[in-house]
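Notes for the one structure printed next.
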Amino acid sequence: MEKYAIIVAGGKGLRMGMEVPKQFLPVAGLPVLMRTIRCFREYDPQIKVILVLPKEQQEYWHDLCLKYNFSDYYELATGGSTRFQSSKNGLDLIPDAAKGYVAIHDGVRPFVSKETILRCFKAALTYKAVIPVLKVTDTLRYVSVDGSSETVPRSSYCLVQTPQVFDISVVKKAYCQDEDSRFTDDASVVESIGQRVKMVEGNRENIKLTTPFDLKIAEKLCCDK
């Protein structure tokens, strides 16, 4: 069985308020994206990593690799203008005849645990499409167009993380279709062809680094390791 990890890193870091894209920002002395790649290497040193980066960011990334002596092997795909296009470009580097499973992961989630990755790949053997989730702990309210709102049962909702792991043949088939505004993540693309998605437990530390506050949390998580 072949295993791939597509790591999509196309963010511009606008919500960070910084000139450097968030995937390249250092956390405890190492750029976020390098930490993310190493999560998958620690899970399985033989996993085939495909990194998806916008064309205009690839030279900067290459310079960072030289600066930090980062020599982990990966294939490089060029990101598209949307997440759908970026994932598709990454999938195009996997041979059509490949038999196995692929994890598609956000480049700015550098704290996914080995256990979460393992749960996703293990469940994919049976269910073909798997996502890690967390239970909602806050109270949720639904807001109508007119501004009115009401509390909704949080037990009916969950927080979705990555990596989202799929049977290669299933996800490649799903990405043969045209992009649609309904597609909010890779799982929604796969569901659109009739494939059910299995949920497994994620890990609370697997946050998506989006704001300056998230970077403070990231530094703390590194210190606590």
Rounded distance [0.5 Å steps], CD in Glu42 versus CZ in Arg35
10.0 Å
When you group the ILVMFWY residues by side-chain heavy-atom contacts below 4.5 Å and let the links chain together, are Met1 and Phe166 in the same group?
no
Is there a donor in the side chain of Glu115 and an acceptor in the side chain of Asn203, or the other way round, less than 3.5 Å apart?
no
May I ask whether Val165 and Leu91 are part of the same hydrophobic cluster, defined by side-chain heavy atoms of I, L, V, M, F, W, Y residues being less than 4.5 angstrom apart, directly or through others?
no
Do Thr78 and Pro54 come within less than 4.5 Å of each other through their side chains, counting heavy atoms only?
no
Closest heavy-atom pair, Lys22 versus Val108, reported as atoms and distance to 0.1 Å, is CG-CG1, 3.7 Å
Is any side-chain heavy atom of Cys120 closer than 4.5 Å to one of Val200?
yes
Answer yes if Tyr157 and Met199 sit in the same cluster of Ile, Leu, Val, Met, Phe, Trp and Tyr residues linked by side chain heavy atoms under 4.5 Å apart, and no otherwise.
no
Pairs under 3.5 angstrom only: tabulate donor-acceptor contacts from the side chains of residues 121-137 to other protein residues two or more places apart or in another chain.
none

Test side-chain contact (heavy atoms from CB on, under 4.5 Å) on Ile7 and Val52; report intermediate values, then the result.
CA-CA 6 Å; Ile7 299 176; Val52 185; over 6 Å; no
pair Ser144-Tyr142: side-chain heavy atoms closer than 4.5 Å
yes
Hey, are the side chains of Tyr4 and Ile168 touching, using non-hydrogen atoms and a 4.5 Å cut-off?
yes
Output the distance between atom NE2 (His62) and atom NZ (Lys67), rounded to the nearest 0.5 Å.
14.5 Å
Is any side-chain heavy atom of Trp61 closer than 4.5 Å to a side-chain heavy atom of Met34?
yes
What side-chain donor-acceptor pairs closer than 3.5 Å can you find for residues 94-101, not counting sequence neighbours?
{"residue": "Asp96", "atom": "OD1", "partner": "Lys172", "partner atom": "NZ", "Å": "3.0"}

Verdict with reasoning, Asp180 to Phe84, per side-chain contact (heavy atoms from CB on, under 4.5 Å)
CA-CA 9 Å; Asp180 191 288; Phe84 179 94; over 6 Å; no
Identify the two heavy atoms, one from Pro21 and one from Gln57, that lie closest to each other, and give their separation to 0.1 Å.
CG-NE2, 3.7 Å
Considering residues at least two apart in sequence or located in another chain, which fulfil the side chain to side chain contact (heavy atoms under 4.5 Å, CB included) criterion with Ser169?
Asp167
Interatomic distance, Gln85 atom CD to Lys88 atom NZ [nearest 0.5 angstrom]
10.0 Å
For Tyr60, all residues meeting side chain to side chain contact (heavy atoms under 4.5 Å, CB included), sequence neighbours excluded
Val20, Phe24, Leu64
Leu215 and Ile217: CA distance, side-chain angles, deciding distance, side-chain contact (heavy atoms from CB on, under 4.5 Å) verdict:
CA-CA 5 Å; Leu215 282 180; Ile217 296 175; over 6 Å; no
Among side-chain atoms of Gln23 and Thr36, is any donor-acceptor pair under 3.5 angstrom?
no
Do Arg141 side-chain atoms and Ser149 backbone N/O form a donor-acceptor pair below 3.5 Å?
yes
Please examine the side chains of Leu33 and Leu51, heavy atoms only from C-beta on, and report whether any two atoms are closer than 4.5 Å.
yes
Salt-bridge present (Asp186, Arg83; N to O < 4.0 Å)
yes
Approximate separation, where rounding is to 0.5 Å, of Gln164 CD and Ser188 OG:
8.0 Å
Where do Ala9 and Leu53 come nearest, in terms of heavy atoms and distance?
O-CD2, 3.1 Å
Judged by atom type as modelled, is there a donor-acceptor pair below 3.5 Å linking the side chain of Thr116 to the main-chain atoms of Val112?
no
Counting N and O atoms only, with roles assigned by atom type, does the side chain of His105 sit under 3.5 Å from a partner on the main chain of Arg109, one being a donor and the other an acceptor?
yes
Side-chain donor-acceptor pair under 3.5 Å between Asp214 and Thr211, yes or no?
yes
Could you check whether any side-chain N or O of Thr162 sits under 3.5 Å from a backbone N or O of Asp106, counting only pairs where one atom can act as donor and the other as acceptor?
yes
Leu140 and Thr151: CA distance, side-chain angles, deciding distance, side-chain contact (heavy atoms from CB on, under 4.5 Å) verdict
CA-CA 6 Å; Leu140 298 177; Thr151 300; over 6 Å; no
Can you confirm whether Ile6 sits close enough to Ser87 that some side-chain heavy atom of one is under 4.5 Å from a side-chain heavy atom of the other?
no
What closest approach, in Å, do Tyr43 and Lys114 show between heavy atoms, and which atom pair accounts for it?
CA-CG, 3.8 Å
Identify whether the distance between the nearest side-chain nitrogen and carboxylate oxygen of Asp138 and Arg154 falls below 4.0 Å.
no
Heavy atoms of Ile50 and Gly90 approach each other most closely as CD1-O, 3.6 Å
Do Tyr68 and Leu76 land in one hydrophobic cluster if side-chain heavy atoms of ILVMFWY residues count as linked below 4.5 Å?
yes
Starting at CZ of Phe40, measure out to CD1 of Ile47 and round the result to the nearest 0.5 Å.
6.5 Å
Is the closest side-chain heavy-atom distance between Lys48 and Lys3 below 4.5 Å?
no
Is atom CG of Asp178 surrounded by more than 12 heavy atoms (other residues, nucleotides or ligands) closer than 6.0 Å?
no
According to a hydrophobic-cluster definition based on side-chain heavy atoms being under 4.5 Å apart (Ile, Leu, Val, Met, Phe, Trp, Tyr only), do Phe213 and Leu25 belong together?
yes
Nearest 0.5 Å, please: how far is CZ in Phe183 from OG1 in Thr82?
11.0 Å
Considering only residues two or more places apart or on different chains, which pairs with a residue in residues 190-202 satisfy side chain to side chain donor-acceptor pair (under 3.5 Å)?
Gln177-Ser192
Scan for salt bridge (Lys or Arg N to Asp or Glu O under 4.0 Å) pairs involving residues 69-82, sequence neighbours excluded, and state none if there are none.
Arg38-Asp72
Of the non-hydrogen atoms in Gly80 and Ser86, which two are nearest, and what is the gap between them?
N-OG, 2.9 Å
